[in-house]
Amino acid sequence: MPVTRTRFCPAPSGWLHVGGARAALYNWLAARHDNGAFVFRIEDTDAERVTDESMQGMVEAMRFLGLDWDEGPEVEGPHGPYRQSERTALYAAVVAALLKAGGAYDAYETPAELAAEREAAQREGRPPGYGGGHRNLTDEQREAFLAEGREPVVRIRTPDEGSVGFTDLIRGPVEFAWADIADFVVQRADGSVTYYLANAVDDLAMGINVVSRGEDLLSATPRQLLLYNLLLADDLLDRALADNAYPGRPADAVPPVFAHQPLLVGEDRKPLSKRHGSVAIDEFRRQGFLPEVLVNFLALCGWSYDATTERFTVDELIDRFTLDRVGRHPALFDTAKLRAMNGDRIKELGDAELAERLQPYLHDAGLVDEPALPEQQRLLLGLAPLLRERIQTLAEAEPLVAFCFRDDVVFDEAAVAKHLKGRAGDVLQAAERVLADVGEWNAEAILGALDGVAADLELGRGKTFQPVRVAVAGSAVSPPLPETLALLDRELVLARIRAAQSLVG
RNA sequence: GCUCCCGUCAUCUAGCGGUCCAGGAUACCGGCCUUUCAAGCCGGCGGCGCGGGUUCGAAUCCCGUCGGGAGCACCA
């Protein structure tokens, strides 16, 4: 029984979206669960793209989520290289061998001709796939096409009859009729190879034995299976590997089994894409979602353990995750639930850890230095317990506590209009006086002093606390007042209360 | 058009013939608490797409139907 080897093989797009992240996670979990290996491969066959930068976004997102890879970019490994753009010699050799063995053939139609053929087929209600026009060309015909200046593509000859079946780990038995599967291109006219070929070659060459990917590739599977047969027949792939000095396949390599995950859809039930707004992992990071929550939530998008358990640590996920418990229908990416889970997780964080996780966000908001100054650190630590119940994402802390870090109060006009009126002037005057007299500057004493003001003026807490809150925070919303004031410098508090008295209308 | 996949509360799901007049979570609504905002606690609303079978018994099995999605590229 060979050890489980899974992979994640995105095209480098510069950023990792949540659908890709989930695919990566399921493969990572499947590998970790079995103590297997997780391979990270970059599929840039088509790319005149910026390989380095666009790969960087992927790599960073994977690292943020904690999805480490045993083989792949930056770590390399025994079956590389792990970028398809560095494996072109292999692919060329494989295509040549395929041609020679007869599994593939060269076809000379131009893209325009194919498009016309496709349109005609659609019009007449026939399947739009390749009709097989150049399946059996003679050498004379080939020469004639070449003389016209045509450049051939290479296609795989699919069987005309019979069917292919396989057992999907998630869906069970699936079957396709070969008659429905047209001859497909493995090498373009410019000599580059397509996904089908590169993917099949690499999965085999790297000994990948479990492939979990999106359901959109379910109907591509027969082609993959056919390629595996062709590649394995007469050791075609092994010879290509050896002849071109690529590492051989693992000794116990077996062709992969498949597990097709349901699609992840947006609020409109359409497959997730850029137009759904923030679907990039990095965007969720910026909004203040914790990586362990993202992992937990993504795992739950399609997978479940039992009727009631929803919270899992990463180790628990590794322990419990199996592909056969992945569901079959599309899952909606429900950010409301994500938020709730994130908020729950924040409540579990200790003061020091929450303060530490908050620091980069407040730094980005221009409120805290990097690293935090001792005074800022003290505030962060003191604010952490007050913030914990009030935020669902780390970025939400900023508007609540910005006034603690700023020199000047930024007043919310609506709050001023609502709370700095009527007897607010009396309240502020009295508050300034009693707070100046408070012995020990702590929450308990401050609360007592403010309650005294309320009693003296025969007002409720609401009528006394709100004017003070607006005076100090500039807003009608803040963490609990006495606790927050206690964290601030007394003179600063008094000065703000004094200054606000002129605003009372 | 053809092929394949899918269909339990608004959402994510548990459910693999009786223990389900369907359980949990999120969202929503109401109450309590209350110095703002939250949090917390209590309570509530709400679902097996439809139609036939099979069976003593079906959310669970079969057939059909409707609906949704994907694929049919010199994109991955």
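Chain letters run A, B, ... following the sequence lines, proteins first, then strands; residues in each count from 1. Keep in mind that what you see is a predicted model, and the values were worked out from it rather than measured.
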Do A:Tyr130 and B:A73 share a donor-acceptor pair, side chain to base, under 3.5 Å? no
Test the A:Arg22-A:Tyr26 pair against the cation-pi criterion, namely NZ or CZ under 6.0 angstrom from the six-membered ring centroid and within 45° of the ring axis. yes
Of all the choices, B:U35, B:A25, B:G40, which nucleotide is nearest to the side chain of A:Arg469 once you look at every atom? B:U35
If you check every side-chain atom of A:Leu263, which of B:C74, B:A70, B:G23 has the closest atom? B:A70
Whole-angstrom distance between B:A70 and B:C37, as gauged at atom C1': 45 Å
From the set B:U34, B:U36, B:A39, return the single nucleotide nearest to any side-chain atom of A:Glu389. B:A39
Whole angstrom value for the distance that separates P of B:A25 from CG of A:Asn296: 15 Å
Closest listed nucleotide, where the reference is the side chain of A:Thr194 and the choices are B:A76, B:U8, B:C37: B:A76
Nucleotide of B:U34, B:U36, B:C74 approaching A:Arg118 most closely (side-chain heavy atoms): B:C74
Nearest-angstrom distance, P atom, B:G18 to B:U11: 27 Å
Is the distance from the ring center of A:Phe289 to that of A:Phe297 below 6.0 Å? no
For the residue pair A:Tyr130 / A:Glu109, report whether a side-chain donor-acceptor contact shorter than 3.5 Å exists. yes
Return the nearest nucleotide to the side chain of A:Ser304; candidates are B:A76, B:A14, B:G7. B:A14
